[in-house]
There are 2 protein chains.
Amino acid sequence: MKSYNQSCPVARALDVFGDRWTLLVLRELLIQGPSRYTDLARGLPGIATSVLADRLRQLEESGLIRRELAPPPIATTLFHLTEEGRAVEPILVTLGRWGAEHLDKPGPDAEVQFHWFPFAASLYLHGHAPEGLPVVIQLETPVGSAVIDVNVEGVRTHIGTTTSPDLTIRGAPENVIEFLSSKTSPAESRSGVTVEGDVAILADFPYLVAS
Amino acid sequence: MKSYNQSCPVARALDVFGDRWTLLVLRELLIQGPSRYTDLARGLPGIATSVLADRLRQLEESGLIRRELAPPPIATTLFHLTEEGRAVEPILVTLGRWGAEHLDKPGPDAEVQFHWFPFAASLYLHGHAPEGLPVVIQLETPVGSAVIDVNVEGVRTHIGTTTSPDLTIRGAPENVIEFLSSKTSPAESRSGVTVEGDVAILADFPYLVAS
DNA sequence: CGGCATCCTCTTTGATACTG
DNA sequence: CAGTATCAAAGAGGATGCCG
């Protein structure tokens with residue numbers, strides 16, 4: 001892309017990742033960790049392969065990612081974030097929080113990929129941590145499970161299961177998100193989710209009780 | 001722009017302002033406040049007038065800005081941010097902080113506009129507030145002056161002068177920025193700036209003392 | 001003047017096909 | 001698997017014209 005050529009830090013940051021797809025490539029690397037080319041392509045439905053190759057080249061030149069030739073028996077190139085690349089996480093989080101708070105829910109034709117789910121869920125919870133720290137919430141969907149871990153450090157989510165969650169929320173991914181994002185008072189079961197465990201915990205999420 | 005059509009909040013936020021120039025239009029409205037078309041064009045050197053008109057239309061449709069027909073004798077349309085539009089400030093700040101922290105200083109041919117200066121300065125100071133609150137720092141350049149106001153609320157900057165600053169920093173805008181962004185220990189005078197007042201204050205800015 | 005719309009050229013994308 | 005090649009369509013940049 002042509003540089004804005006402005007001395008403003010915002011414009012100069014946009015010179016680096018203002019291109020279409022660039023921030024989403026970084027999102028994939030942040031969520032998936034070191035990834036192969038085809039894994040990235042899969043996580044970015046609709047991207048032209050030439051565009052992906054171009055963005056990876058630019059990001060490497062900017063020092064945000066590095067490519068590594070994995071040793072045998074893997075024998076493939078892995079793209080991974082550098083320290084500077086990992087520093088874009090706050091940008092993705094701030095963007096995502098805006099989207100989570102200010103946009104209506106996506107249309108029914110929107111692409112859904114499970115590996116986005118824990119990250120998306122964390123965006124709805126970011127902001128204030130519950131009072132009774134620490135809290136572990138298990139999310140279970142037909143296509144996979146994730147864990148929300150809340151402690152004084154903040155909110156962290158990851159794919160997988162935990163042995164003794166304080167609370168379990170079950171439902172289709174979009175319904176779980178809908179439930180977590182709901183600003184109305186939580187009920188035990190609504191819009192396709194069921195909740196099991198210490199339901200009172202939910203009252204500790206200011207995001208769930210009041211905006 | 002074509003929608004990414006992904007259920008991820010990041011992608012959906014980018015559907016709204018991922019277009020070239022869009023975030024910079026919002027930056028201008030945030031910095032300048034309600035603005036006329038030509039004021040925006042002036043603050044966005046290089047933008048094609050058709051592109052500006054298009055972005056303003058999109059932003060209005062997305063509900064981020066509104067146009068207001070100012071009453072006589074002004075008799076011009078003013079574009080201003082809505083509540084939702086003002087909510088993009090954290091995005092611009094996060095982007096700008098990344099740029100401030102991770103990019104080299106801009107080349108000598110980069111466009112400089114004074115009204116960006118206080119905002120840019122605040123990006124370098126964001127993060128930690130000094131111990132001895134509140135602090136008022138006056139910045140003076142040949143092309144204008146600005147005030148940095150630090151209190152428990154955070155760091156705020158605006159164009160103008162104050163009567164009794166704790167500290168005054170004088171120099172060309174880029175040198176003042178360079179001085180504020182310097183991670184090395186501050187000296188009383190270096191690289192084209194002079195400092196007057198309670199120099200010890202600078203030691204309270206963690207950003208100025210150590211990254 | 002202020003707020004665009006039009007026309008033109010150039011660059012970027014999206015889609016598909018193909019290759020070491 | 002990790003791209004490159006090709007080509008049509010969309011978008012950006014620049015100049016100019018128009019209308020209250």
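In this text, all values refer to a predicted model and were calculated from it rather than measured experimentally. A, B, ... follow the sequence lines: proteins, then strands. Residue 1 opens every chain.
- T77(B) is not listed as a side-chain neighbour of Y37(B), based on a closest heavy-atom distance of 4.5 Å or more.
- Note on K105(B) versus E174(B): no salt bridge recorded, every NZ/NE/NH1/NH2 to OD/OE distance being 4.0 Å or above.
- Taking A11(B) as the reference, L24(A), R27(A), Y4(B), Q6(B), C8(B) meet the side-chain contact (heavy atoms from CB on, under 4.5 Å) condition, with sequence neighbours excluded.
- Counting heavy atoms from C-beta on, the side chains of W116(A) and I31(A) come closer than 4.5 Å.
- Proximity of T162(B) to D149(B): side-chain heavy atoms (C-beta onward) are nowhere separated by under 4.5 Å.
- Counting only residues at least two apart or in different chains, ring-ring contact (aromatic ring centres under 6.0 Å, His included) contacts with residues 58-78 of chain A are absent.
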Protein-nucleotides 5-7 of chain D N/O pairs closer than 3.5 Å?
none

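- With sequence neighbours left out, the side-chain contact (heavy atoms from CB on, under 4.5 Å) criterion links S3(B) to N5(B), D15(B).
- A search for side chain to side chain donor-acceptor pair (under 3.5 Å) contacts involving R86(A) returns E83(A), not counting sequence neighbours.
- End-to-end axis angle of the helix from dC1(C)-dG20(D) to dG20(C)-dC1(D), from C1' rotation axes over five pairs per end: 30° (rounded to 10 degrees).
- Two residues, R67(A) and A48(B), neighbour DNA chain D, and the one matched to the more 5' nucleotide by heavy-atom proximity is R67(A).
- Distance, L78(A) CG to dG3(D) P: 12 Å, rounded to whole Å.
- Straight-line distance from the CD1 atom of I47(B) to the P atom of dG14(D): 11 Å, rounded to whole Å.
- Here V112(B) pairs with S7(A) under the side-chain contact (heavy atoms from CB on, under 4.5 Å) rule; sequence neighbours left out.
- Taking every nucleotide of DNA chain C with any atom under 4.0 Å from a non-hydrogen atom of chain A, the first and last of them, 5' to 3', are dT13(C) to dA17(C).
- Judged by closest nucleotide on DNA chain D, T77(A) is the one of Y4(A) and T77(A) placed further toward the 5' end.
- The environment of R67(B) atom CZ is dense: over 12 non-hydrogen atoms of other residues, nucleotides or ligands sit within 6.0 angstrom.
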Name every donor-acceptor pair, under 3.5 Å, that has one atom in a side chain of residues 88-95 of chain A and the other anywhere in the protein, sequence neighbours excluded.
{"from": "E89(A)", "atom 1": "OE2", "to": "R156(A)", "atom 2": "NH2", "distance (Å)": "3.4"}
{"from": "T94(A)", "atom 1": "OG1", "to": "P90(A)", "atom 2": "O", "distance (Å)": "2.4"}
{"from": "T94(A)", "atom 1": "OG1", "to": "T94(B)", "atom 2": "OG1", "distance (Å)": "3.1"}

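- Residues satisfying the side-chain contact (heavy atoms from CB on, under 4.5 Å) test with D19(A), not counting sequence neighbours, are M1(A), T22(A), R55(A), Q58(A).
- Contact check on R170(A) versus E196(A) returns a salt bridge, with a Lys/Arg side-chain nitrogen under 4.0 Å from an Asp/Glu carboxylate oxygen.
- Considering only heavy atoms from C-beta on, F114(B) comes within 4.5 Å of I159(B) through its side chain.
- For the pair L69(B) CG and dG20(D) C1', the computed distance is 13 Å after rounding to whole Å.
- With contacts defined as side-chain heavy-atom distances shorter than 4.5 Å, the pair S62(B)/F17(B) does not qualify.
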Please list, for nucleotides 9-11 of chain D, all pairs of protein and nucleotide N/O atoms separated by less than 3.5 Å.
none

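- DNA chain D lies under 4.0 Å from at least one heavy atom of each of the following residues of residues 27-42 of chain A: R36(A), Y37(A), T38(A).
- A close approach under 4.0 Å does not occur between any side-chain nitrogen or oxygen of R57(A) and OP1 or OP2 of dG3(D).
- The CZ atom of F117(A) sits 8.5 Å away from atom OG of S145(A), with the distance rounded to the nearest 0.5 Å.
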